[in-house]
Protein chains: 2
Amino acid sequence: MGRHREFDVEQALDAALCVFWRKGYEGASYADLTAAAGVERPALYSAFGNKEELFRKALQRYYERFLHYMPEALMLPTSREVAAHILYGAVDLNTRFDDHRGCLYINGVLAGSDEAEPVRQVLIEGRAIAEREIRERFERAKAEGDLPESARPDALAAFLMAVTHGIAVQAKAGFSRQTLEGVAEQALMSWPSADSGQGV
Amino acid sequence: MGRHREFDVEQALDAALCVFWRKGYEGASYADLTAAAGVERPALYSAFGNKEELFRKALQRYYERFLHYMPEALMLPTSREVAAHILYGAVDLNTRFDDHRGCLYINGVLAGSDEAEPVRQVLIEGRAIAEREIRERFERAKAEGDLPESARPDALAAFLMAVTHGIAVQAKAGFSRQTLEGVAEQALMSWPSADSGQGV
DNA sequence: GCTGTTTCATAACGACCATTATTAAACCGC
DNA sequence: GCGGTTTAATAATGGTCGTTATGAAACAGC
């Protein structure tokens with residue numbers, strides 16, 4: 001019973017996601033959010049809670065809708081294919097939308113006021129989870145002989161994430177897809193092969 | 001004539017730099033800045049102008065005081081030494097101070113409100129200048145035969161900057177110096193040598 | 001057609017933002 | 001010591017922040 005909701009909650013969340021993606025957590029104001037969602041403030045609060053909860057839901061949606069290339073990558077047969085899929089997937093996603101470039105896990109909060117600290121930690125934690133999964137995948141690759149004994153799965157995972165973060169920063173700065181593909185390509189040149197010690 | 005200034009302007013600028021370094025441009029409030037500088041608001045305004053001008057001066061100081069490893073690197077004899085010096089220099093700087101980790105050129109503004117757009121552009125421009133200088137150094141290395149004909153100076157420079165940015169993000173997230181040195185080391189494994197085509 | 005419930009839009013809330021008027025205090029040259 | 005000038009500290013400015021109280025409107029069940 002009661003009055004029906006007149007707006008699409010999923011659509012409003014998508015709109016909020018775009019704003020956060022573009023301006024970050026603290027840079028996005030409710031004026032921005034309501035304008036993008038086409039919905040008044042109290043509607044956002046009743047549907048999603050406060051700003052922090054709204055961001056968390058937007059982040060979850062971001063993961064589900066745009067980061068599918070991550071679990072995809074982990075299932076590929078070789079560590080090199082895993083790395084390549086992640087790098088080119090990141091380049092593609094970070095340059096796909098002109099009005100919100102880069103990665104929400106980086107744009108969300110990097111440095112900010114004390115109020116944004118919980119959100120910053122959420123993003124750090126999310127990135128750490130991804131890095132751990134990649135490391136475990138590389139440990140498997142090493143056990144399978146896909147990576148040489150000299151390879152260090154933890155360093156490779158941290159390196160791969162670092163390049164991904166760097167690509168996100170550069171994408172947000174306006175770098176072309178083509179340039180970033182060059183970055184990804186360069187990163188892959190270092191990839192250890194099974195026979196040689198390290199490098200191509 | 002007139003009353004003498006009772007605080008050290010250089011010291012106040014150093015304090016402001018630390019706050020911006022830690023919290024970014026928008027995350028730093030005048031409450032933070034005055035507390036750190038030990039000086040009231042009007043003193044900061046009369047000495048440095050408004051917040052944007054203060055940030056620009058802090059950024060200039062950051063460059064002069066902490067980024068000396070950049071011009072240093074460009075003078076080294078081989079492109080590999082250049083890259084190594086930049087990478088390990090970034091790791092060192094980005095983990096040197098526990099209360100303000102990472103890089104001001106990244107922490108300053110990545111994504112923010114429209115008000116921060118001019119500052120964001122300043123940082124983008126600064127990073128672009130660095131990348132250009134590195135690229136030109138690599139072009140010289142190619143001409144000198146230090147880099148092979150197959151090497152792409154533009155891609156190498158963009159890649160080097162990407163790894164540096166990634167290291168900055170990870171340093172801000174709390175990664176240890178040791179871990180980040182692993183990232184730098186991994187990045188250097190891809191470095192083209194004069195004789196082989198690419199890679200080690 | 002009521003009653004109870006939920007959503008809607010408007011507008012207000014206190015807090016904090018960057019910025020600046022204002023006034024008192026400290027200094028130099030005379 | 002007085003006049004002119006600069007700085008210091010306090011406090012106020014208008015604006016925007018995130019959040020919510022308020023009352024009208026729309027619905028379901030009886």
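Chain letters run A, B, ... following the sequence lines, proteins first, then strands; residues in each count from 1.
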### Message
Between B/Ser29 and C/dC17, is there a contact of a side-chain N or O with OP1 or OP2 at under 4.0 Å?
### Response
yes
### Task
Please report, rounded to the nearest Å, how far the P atom of D/dC17 is from the CG atom of A/Leu33.
10 Å
#### Entry: Spacing of A/Glu115 atom CD relative to D/dT19 atom C1', expressed in whole Å
12 Å
### Task
Answer with base, sugar-phosphate or nothing: what part of the nucleic acid does A/Ala47 contact at a heavy-atom distance below 4.0 Å?
nothing
#### Entry: Phosphate OP1/OP2 of D/dT19 contacted by A/Tyr45 side-chain N/O (<4.0 Å)
yes
### Query
Can you find a heavy atom in the side chain of B/Leu33 that is under 4.5 Å from one in the side chain of B/Val39?
no
### Query
Between atom OH in A/Tyr25 and atom C1' in D/dC17, what is the gap in whole Å?
12 Å
### Rounded interatomic separation in angstrom, taking CD from B/Glu6 and P from D/dA8
5 Å
### Message
Using the rule that Ile, Leu, Val, Met, Phe, Trp and Tyr join whenever any side-chain heavy atoms are under 4.5 Å apart, tell me whether B/Leu59 and B/Tyr25 fall into a single cluster.
### Response
yes
### Query
To the side chain of B/Arg41, which of D/dT7, C/dT10, C/dT20 is closest?
C/dT20
### Task
Give the rounded distance in Å between these two atoms: CZ of B/Phe55 and C1' of C/dA18.
16 Å
### Message
Could you tell me how far apart A/Lys23 (NZ) and D/dC17 (C1') are, to the nearest whole angstrom?
### Response
13 Å
#### Entry: Euclidean distance, atom CD of residue B/Glu40 to atom C1' of D/dA12 [Å, nearest integer]
15 Å
### Task
Counting heavy atoms from C-beta on, name the nucleotide in C/dT10, C/dT20, C/dT7 closest to the side chain of A/Pro42.
C/dT10
### Message
Is A/Asn50 close enough to D/dG18 that one of its side-chain N or O atoms is under 4.0 Å from OP1 or OP2 there?
### Response
no
### Task
Find out if a path of hydrophobic residues (ILVMFWY) with successive side-chain heavy-atom gaps under 4.5 Å connects A/Phe97 to A/Leu104.
yes
### Task
Record whether the side chain of B/Arg3 comes under 3.5 Å of the base of D/dT7 through a donor-acceptor pair of N or O atoms.
yes
### Query
When clusters are formed by joining ILVMFWY residues with side-chain heavy atoms under 4.5 Å apart, either directly or through shared neighbours, do A/Leu180 and A/Ile106 land in the same one?
no
### Query
OP1 or OP2 of D/dA28 less than 4.0 angstrom from a side-chain nitrogen or oxygen of A/His4, does that happen here?
yes
### Task
Classify the ring geometry between A/Phe159 and B/Phe159 as parallel (under 30°), tilted (30 to 60°) or perpendicular (over 60°).
perpendicular
### Message
In this structure, how many angstroms lie between the C1' atom of D/dC17 and the CG atom of A/Leu44, rounded?
### Response
15 Å
### Shortest side-chain distance from A/Tyr30, nucleotide among C/dA9, D/dA8, D/dT19
D/dT19
### Query
Which nucleotide in the set D/dG18, C/dT19, D/dT7 lies at the smallest distance from any side-chain heavy atom of B/Lys51?
C/dT19
